[in-house]
Amino acid sequence: MALDYSETADKIIEAVGGPDNIASAGHCMTRLRLVLQDESRADDEAVRKIKGVKSVIHQGGQYQIVIGNEVANLFKEFKARGDFGGGSSAAPQKAQGSVIQRLFGFISGCMTPLLPAMLGCGMVKVVLTLLTTFAGLDSSGSTYIILNAMGDCFFTFLPIFLAYTTAKKLDGSPMLFMVVGAALVYPDLVTLLTDSSLETGTFLGMDCTWFFGIPVICATYASSVLPILLMAPVMKRVEDFADKVSPNVLKSFLKPLIFVIICVPVALCILGPVGNVAGNALSGAFSAMYNTVPWLTICLLSAAMPFIVMTGMHYALIPLAVNNLALLGFDALLLTTMFCSNLAQGGASFGVGFKTKDTETKSEGIACGISAVVAGVTEPAMYGINLRFGKPMLAAVIGAGVSGLFCGIFHVVGYTMGGSPSLLTLICFIGGDEPMRGVVFGAVGALITIVISFALAFILYKDPAEEPIAAQTGPAAMSEPLPELFTLLSPMSGELVKLEDVPDEVFASKALGEGVAIIPSEGKVVAPCDGVVSAMMDTRHAIGIATPRGMELLIHVGLNTVELGGKFYEYKVMEGDTVKTGDVLIEFDIDGIREAGYPLHTPVLVTNADEYGFVRATDARSVKTGDVLLTISRREEQEK
């Protein structure tokens, strides 16, 4: 972490006059944007002296603090210190990508906020297992009952918690959405739908009871996730409908009445049973596949897991893992495969760290390896080492696959949700008829994945300077160093403007980096080089790209266009996407932006230009998409 975000946020709040002087707070791609009650109370000089602050600007009634690429992380700490009038000034971003990508994004957005509670209660259940297995805790005693309640409470009432995060994701009313979740786990309804002694009928071959003559399938919804996820669009549409048809004078009670009287029956009579059947079918399919070819199932998923993580699809597997734990009593789909994969990422990173002669890479490799193996946090190892150099990722995939094969053969499964899978979560494998069997074989699987990925990475990896020239032909490899001269192509056609002539103090002062600005002649931004989309904004007016060579690029379409709230802009990629030179990144409406009164100057910046000797723009007065725009060199070349 380049900044201590917590300390920086505290210092900024103090320097601008305290929390009571902040009317609202938001951020754009590079700036913290504050509206202050009294700007005279802010000490500009004190703000500028804070580590990480590049500049201070008073503009458009906003107190703008220029931070750079780390502003999003800083803002998380900033908003944690108070609502400040409500979050970002940016408008919600319209979902981008394919239907599948949007679906995974929605599930991820609903499930991710639940992870702390899920993992905390899951670890209580692990502690309970340890106490009953090794300390002889009486399962009928009050201590056991209280601990069991602590561990089970989240999972029992999961539909209620999920309804809350779903409402936040859809900008719905959390309390209304939670009523639907509460209805699914209401004790009397649970008894009605599960007590075989009560009078029931049958519908489609399933036991049911009746609600005004409508069949209600007998099912239990504790620990379920699919019913609420299926209800999400229904709840949002019904709330909007209820809000629209309710007169203002009656809205306070009529809107919630309409919502509850429609949504709860739909959940109980239609989508709840559908979700229950779908969940049972998915768990049954996984169980059949796992029971038939466990070695192949876990082997392939373990090997593929790093790429699943890159797309964010692993969050979409959480509902299935929770479903498996509730119905089967165990899960290997997520818990075992991520265990094998995470440790493999760490092992490969260790291999690079021990092989390299470069001091910085050695330090990074060992630190990233510890993060993955001990804490289960793999992003530093995955992006900072293994993908960066290419061959270590191959080593990690092979190591995870072999370990998954072993764990599949010996049926290593997780019996509860713990932290991010790592060596510390071996205790989550305690359970079953032989409680310690999973831990023993899990430890062997861990040793296999770490040793194999370490050994292969150690063998395959070579420091960039040692790579033969033949290996550097074609598209740049992830391990290729920055050459003495590197050219960056223009992401758009238009007229060139020197950065110092841009009518914005931050860009003109080069506080955010070196580069040039373009006044575009067409509404399209393309990738100026190969790289990964590293930063995006809700307002879609700017994009960051990290290149394999370590450069960090920022393309900012228009000046102060964050105020448009995303109007006139559309992203064509998603954060984390790998892009090739010429891929379309953003499309925008030139006429709309101009008519709204915003300058179209588009800075194209190398934000970490201080790491290179110089960044020089072409001498041409105008460029076409794909023309050479910037020339970047290391310091050694400049000295020549």
Side-chain angles (χ1 to χ4, degrees), residues 26-33 59-60 62 64 66 68-69 71-72 75 87-99 101-102 105-106 109 171 489-495 497 502-504 506-507 512-513 515-529 531-546 552-577 579-605 607 623 625 629:
H27 72 93
C28 61
M29 198 75 169
T30 56
R31 310 178 193 184
L32 186 63
R33 293 171 174 259
Q59 190 175 75
Q62 291 183 334
Q64 301 178 10
V66 183
N69 289 342
V71 68
F75 186 68
S88 174
S89 59
Q93 178 186 342
K94 182 181 178 181
Q96 302 292 324
S98 67
V99 172
Q101 288 173 323
R102 294 199 300 270
F106 172 73
D171 195 27
L489 305 184
S490 178
M492 58 174 61
S493 299
E495 177 188 348
V497 177
V502 172
D504 183 288
V506 174
F507 293 117
L512 293 175
V516 68
I518 304 172
I519 300 177
S521 58
E522 59 179 350
K524 183 168 66 176
V525 178
V526 305
C529 61
V532 175
V533 178
S534 58
M536 301 178 78
M537 287 295 301
D538 289 344
T539 44
R540 304 186 285 281
H541 69 291
I543 193 165
I545 299 176
E552 298 173 2
L553 309 178
L554 171 64
I555 304 171
H556 193 288
V557 184
L559 303 178
N560 291 314
T561 42
V562 66
E563 297 170 1
L564 291 171
K567 188 177 181 181
F568 307 125
Y569 293 90
E570 182 180 1
Y571 277 138
K572 294 299 182 180
V573 291
M574 300 182 69
E575 190 166 348
D577 281 358
V579 294
K580 296 293 185 182
T581 304
D583 287 351
V584 179
L585 305 177
I586 305 174
E587 290 185 351
F588 56 96
D589 181 353
I590 287 181
D591 294 334
I593 297 170
R594 184 182 290 117
E595 290 171 5
Y598 291 87
L600 281 162
H601 296 68
T602 300
V604 181
L605 306 176
T607 58
V623 290
T625 302
L629 181 69

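In this chain, numbering begins with 1 at the start of the sequence shown. Basis for what follows: all heavy atoms, side chains included, without hydrogens, waters or symmetry-related copies.
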His541 vs Val562 side-chain heavy atoms within contact, under 4.5 Å: yes

Thr602 side chain reached by Ile555 side chain, heavy atoms, under 4.5 Å: yes

Nearest heavy-atom neighbours spanning Phe568 and Ala596: CE1-CB, 4.1 Å

Pairwise side-chain contact, Ile545 with Leu585, heavy-atom cut-off 4.5 Å (strictly under): yes

Residue list, side chain to side chain donor-acceptor pair (under 3.5 Å) with Ser521, at least two apart or on another chain: none

Thr625: side chain to side chain donor-acceptor pair (under 3.5 Å) partners, not counting sequence neighbours: Ser493, Glu522

CG on Asp583 to NZ on Lys572, rounded to 0.5 Å: 13.0 Å

Ser490: partners by side chain to side chain contact (heavy atoms under 4.5 Å, CB included), with sequence neighbours left out: Ile518, Val623, Leu629

Residues which pass salt bridge (charged side-chain N to carboxylate O under 4.0 Å, His left out) with Glu495, listed by chain and number, not counting sequence neighbours: none

Closest approach of Met492 to Pro520 (non-hydrogen atoms, all atoms of both residues): SD-CB, 3.4 Å

Atom of Gly513, atom of Leu605 and distance for their closest heavy-atom approach: O-CD2, 3.9 Å

Test item: Tyr571 side-chain N/O and Met537 main-chain N/O as donor-acceptor pair under 3.5 Å: yes

Heavy-atom closest pair, residues Ala542 and Leu554: CB-CD1, 4.4 Å

Point-to-point distance, once rounded to the nearest 0.5 Å, from CG of Leu32 to CZ of Phe75: 7.0 Å

Tyr598 side chain to Leu564 backbone, donor-acceptor under 3.5 Å: no

Where Val584 and Val573 come nearest, the two heavy atoms and their spacing: O-CG1, 3.7 Å

Nearest-0.5 Å distance, CD of residue Glu570 to CD1 of residue Ile586: 10.5 Å

4.5 Å side-chain heavy-atom contact, Pro528 and Leu553: yes

Contact summary for Glu575 and Met536, nearest pair of heavy atoms: N-SD, 2.9 Å

Residue pair Arg33 / Asn560, side-chain heavy-atom distance below 4.5 Å: yes

Partners meeting side chain to side chain contact (heavy atoms under 4.5 Å, CB included) with Leu559 (sequence neighbours left out): Val502, Pro503, Asp504, Phe507, Pro599, His601, Pro603

Contacts of Phe588 that satisfy ring-ring contact (aromatic ring centres under 6.0 Å, His included) - sequence neighbours left out: none

Close side-chain approach of Thr561 to Ile593, heavy-atom, < 4.5 Å: yes

